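These numbers were taken from a predicted model, which means no experiment stands behind them.
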Amino acid sequence: MSDTTPDAVPAAAPAVRQIEAPAERTRRLRVGGLMVVFALLGLGLAIFTKGGKATFQLVSGDFENNLLGLPAQAVGLILGILGVGAAVAYVLRRVPRRYSGWLAAGLGICFIGAFLCWAAAGKTFPLANQFQGTLNFATPLILGALAGVMCERAGVINIAIEGQFLVGAFTAAIVSSTTGSGAAALIAAAASGVVMAALLAVFSIKYLVNQVVLGVVLVVFATGITGFLFDQFMQPKADQLNTPAVLSAIKIPGLGDIPFVGPILFRQTILVYLMYLAVVVVTFVLFQTRWGLRIRAVGEHPKAADTVGIKVKRIRYSAVLAAGVLAGLGGAFFTVGYAGSFSKEMTAGNGFIALAALIMGRWHPIGATVAALFFGFATQLQSQLQIINTPIPGQLLLMAPYLATIIAVAGLVGRVRAPKADGEPYVTE
């Protein structure tokens with residue numbers, strides 16, 4: 001006779017803990033080590049913060065009203081402790097893996113907050129100017145990085161972003177100066193970006209030229225041709241050919257009135273709004289449309305894509321040309337979006353910074369956007385710290401994004417892998 005008493009019912013099996021692979025454990029400890037270092041650095045800054053209250057200006061240009069005063073050391077200590085907690089939680093796996101990215105983001109916010117409390121202790125830090133400048137510096141970088149994402153997801157390395165920026169900036173300045181139309185300038189800049197992209201596409205896809213060498217050649221070509229045209233035509237007639245009108249800011253009703261955030265994000269030029277739209281559209285296209293699926297397919301395994309009937313070369317051509325529109329608009333920002341005139345080599349290597357943002361963002365539109373904002377934040381921060389006479393070299397801050405890129409590319413924050421067929425020409429069998 002079987003035992004049917006309640007005591008005989010077998011106990012529920014204990015939950016099986018997921019076994020962590022050695023490679024995953026190594027990566028977690030490596031990333032966690034970096035997080036601990038930054039967390040302790042932020043806490044150390046808070047401990048040595050002196051000067052009492054840190055004041056943050058919330059409205060650009062208003063140094064008497066709309067000021068936020070915080071006890072610098074107390075707030076810094078709280079942020080430092082939270083940052084240490086986030087780092088320890090990551091190392092000890094106290095949160096599910098899918099939330100580990102949020103821990104890293106939280107640590108970054110805590111570190112930046114503690115740093116700003118230390119820098120602004122006893123002073124007034126222009127916080128509104130900091131975020132406004134970040135957006136200004138990041139806008140062309142985001143557009144250039146998105147152009148790189150489109151190209152490299154399709155398997156074409158785009159080193160020529162810098163050249164597309166230069167040609168776009170030059171064309172926008174000429175067209176705006178001669179027509180007085182901002183819309184015409186943006187259309188012309190986009191068209192010039194497509195022309196440069198067509199050169200990249202034809203020589204890399206049809207003639208199978210080494211894509212890295214080709215990109216460098218196109219940058220040199222753009223630098224030379226814009227410099228020649230500037231010296232021969234634009235500079236002698238600067239009053240006619242180099243007086244582009246800077247795009248006017250457009251306030252979005254309702255959104256533009258949101259305190260602090262509204263003036264920064266929603267009182268911008270049409271070019272910044274196009275950047276917002278581009279981030280959404282590129283992300284949607286790549287991951288939610290048939291064309292985007294085909295772009296990613298030819299960038300990962302073109303032979304397999306060809307086998308199922310996808311026209312590999314046609315898809316690559318379309319992706320590269322579409323990217324040219326974004327890069328051309330990014331170049332237009334330098335003249336009609338910000339400076340109001342063209343000068344030789346005015347893009348100053350920003351195309352290569354966009355390429356670094358692309359890599360740091362792991363070839364994803366959102367990741368590349370966040371990386372570009374990080375570059376813009378660091379660039380603007382070094383100038384703001386000089387204004388308030390913080391005892392830290394501005395050049396050290398400018399180094400930070402590049403060091404972060406090297407760390408990312410070296411794999412110290414996880415696997416950073418380009419599309420498998422990136423830079424590999426495809427020959428139809």
Discussion item. Do Lys313 and Val298 make a side-chain contact, defined as non-hydrogen atoms from C-beta onward lying under 4.5 Å apart?
Written reply: no
Discussion item. Return the CG to CG distance between Leu218 and Leu166, rounded to the nearest 0.5 Å.
Written reply: 12.0 Å
Worksheet item: Counting heavy atoms not belonging to Tyr276, are there more than 12 under 6.0 Å from its OH?
Response: yes
Item to complete: For side-chain hydrogen bond (donor to acceptor under 3.5 Å, both in side chains), just list the numbers for Gln268 and Gln132, CA-CA rounded to whole Å, side-chain angles, deciding distance to a tenth of an Å, and then say yes or no.
Response: CA-CA 10 Å; Gln268 293 293 340; Gln132 180 64 63; 3.3 Å; yes
Item to complete: Can you measure from CD (Glu152) to CD (Gln211) and round to the nearest 0.5 angstrom?
Response: 8.5 Å
Fill in: Pair Glu300-Arg417, salt bridge (charged side-chain N to carboxylate O under 4.0 Å, His left out): steps then yes or no
CA-CA 11 Å; Glu300 290 289 340; Arg417 183 185 67 82; 3.5 Å; yes
Worksheet item: What are the two closest non-hydrogen atoms of Ala323 and Cys151, and how far apart are they?
Response: CB-SG, 3.5 Å
Worksheet entry | Interatomic distance, Phe377 atom CZ to Ile112 atom CD1 [nearest 0.5 angstrom] | 5.0 Å
Worksheet item: Considering only heavy atoms from C-beta outward, does the side chain of Phe203 approach that of Leu208 to under 4.5 Å?
Response: no
Item to complete: Using the salt bridge (charged side-chain N to carboxylate O under 4.0 Å, His left out) rule, take Arg267 and Asp257 through it: C-alpha gap first, then chi angles, then the decisive distance, then the call.
Response: CA-CA 9 Å; Arg267 297 182 187 179; Asp257 295 321; 3.5 Å; yes
Worksheet item: Going through the checks in order, is the side chain to side chain contact (heavy atoms under 4.5 Å, CB included) test met by Val279 and Leu146?
Response: CA-CA 7 Å; Val279 174; Leu146 292 176; 3.9 Å; yes
Worksheet item: At what distance, to the nearest 0.5 angstrom, does CG of Leu127 lie from CD of Gln384?
Response: 9.0 Å
Discussion item. Less than 4.5 Å apart, side chain to side chain, heavy atoms only: is that true for Val312 and Thr428?
Written reply: no
Worksheet item: Between Thr178 and Gln240, do the side chains contain an N or O donor and an N or O acceptor separated by less than 3.5 Å?
Response: no
Practice prompt. Indicate whether any N or O donor in one side chain lies under 3.5 Å from an N or O acceptor in the other, for Gln164 and Asn158.
Written response: yes
Worksheet item: Would a distance-only check, ignoring hydrogens and angles, find a side-chain to backbone donor-acceptor pair under 3.5 Å from Thr289 to Gly292?
Response: yes
Worksheet item: Judged by atom type as modelled, is there a donor-acceptor pair below 3.5 Å linking the side chain of Thr226 to the main-chain atoms of Thr223?
Response: yes
Item to complete: Keeping the roles fixed (side chain from Tyr273, backbone from Ile250), state whether a donor-acceptor pair exists under 3.5 Å.
Response: yes
Worksheet entry | Whether over 12 other heavy atoms sit under 6.0 Å from Lys251 NZ | yes
Discussion item. Testing the basics here: between Pro263 and Ile258, what is the closest heavy-atom pair and its distance to 0.1 Å?
Written reply: CD-O, 3.3 Å
Worksheet item: Of all heavy-atom pairs between Met346 and Ser341, which one has the smallest distance, and what is that distance?
Response: CE-O, 3.4 Å
Fill in: Leu355 side chain near Leu358 side chain, heavy-atom distance below 4.5 Å
yes
Worksheet item: Is a side-chain N or O of Gln57 found less than 3.5 angstrom from the main chain of Ala128, in a donor-acceptor match?
Response: no
Discussion item. So does Ala184 get a backbone contact from the side chain of Ser181, meaning a donor-acceptor N/O pair under 3.5 Å?
Written reply: yes
Practice prompt. Check whether any side-chain heavy atom of Thr347 lies under 4.5 Å from a side-chain heavy atom of Glu162, and answer yes or no.
Written response: yes
Discussion item. Set out, in order, the CA-CA distance, both residues' side-chain angles and the distance that settles ring-ring contact (aromatic ring centres under 6.0 Å, His included) for Phe287 and His364, then state yes or no.
Written reply: CA-CA 10 Å; Phe287 299 103; His364 191 286; 4.9 Å; yes
Response to the item:
In short, Gly76 meets Cys117 closest at the heavy-atom pair N-SG, 4.2 Å
Item to complete: Might you point out which heavy atoms bring Pro365 and Val282 nearest each other, and give the distance in Å?
Response: CG-CG1, 3.8 Å
Item to complete: Would you check, one step at a time, whether the test side chain to side chain contact (heavy atoms under 4.5 Å, CB included) holds for Lys303 with His301?
Response: CA-CA 6 Å; Lys303 185 174 181 180; His301 205 311; 4.0 Å; yes
Practice prompt. Run through Phe342, Phe165, Phe137 and flag the one making a ring pair (Phe, Tyr, Trp, His ring centres under 6.0 Å) with Phe334.
Written response: Phe165
Worksheet item: Short question: side chain of Arg362, backbone of Gly367 - any donor-acceptor pair under 3.5 Å?
Response: no
Practice prompt. Can you measure from CZ (Arg316) to CD1 (Ile205) and round to the nearest 0.5 angstrom?
Written response: 7.0 Å
Worksheet item: Got a sec: does the CH2 of Trp291 have more than 12 other heavy atoms crowding it under 6.0 Å?
Response: yes
Fill in: Contact check, side chains of Lys206 and Tyr317, non-hydrogen atoms, under 4.5 Å
yes
Discussion item. With a 3.5 Å distance limit and no angle check, can you tell me whether Ser176 reaches the backbone of Pro244 through a side-chain donor-acceptor pair?
Written reply: no
Fill in: Side-chain heavy atoms of Val91 within contact of Met35, under 4.5 Å
no
Discussion item. Is it the case that over 12 heavy atoms from other parts of the model lie below 6.0 angstrom from the CZ atom of Phe260?
Written reply: yes
Discussion item. Is there a side chain to side chain contact (heavy atoms under 4.5 Å, CB included) between Val219 and Val216? Walk through the geometry before answering.
Written reply: CA-CA 5 Å; Val219 171; Val216 174; 5.7 Å; no
Worksheet item: Do you know which two heavy atoms are closest between Ile161 and Gly144, and how far apart they sit?
Response: CD1-O, 3.4 Å
Discussion item. So Thr134 and Leu381, do their side chains get closer than 4.5 Å, heavy atoms only?
Written reply: no
Item to complete: Look at the side chain of Arg153 and the backbone N and O of Trp363, then say whether any donor-acceptor pair between them is shorter than 3.5 Å.
Response: yes
Fill in: Whether Thr171 side chain and Gly168 backbone form a donor-acceptor pair below 3.5 Å
no
Worksheet item: For the side chain of Asn129 and the backbone of Pro126, is there at least one donor-acceptor N/O pair under 3.5 Å apart?
Response: no
Practice prompt. First locate atom CZ of Phe333, then atom CG of Leu186, and finally report the distance between them rounded to the nearest 0.5 Å.
Written response: 11.5 Å
Item to complete: Quick one: do Met275 and Val272 satisfy side chain to side chain contact (heavy atoms under 4.5 Å, CB included)? Show the steps, please.
Response: CA-CA 5 Å; Met275 179 271 288; Val272 176; 4.2 Å; yes
Discussion item. Heavy-atom count check: over 12 atoms from other residues, nucleotides or ligands less than 6.0 Å from Gln235 CD?
Written reply: yes
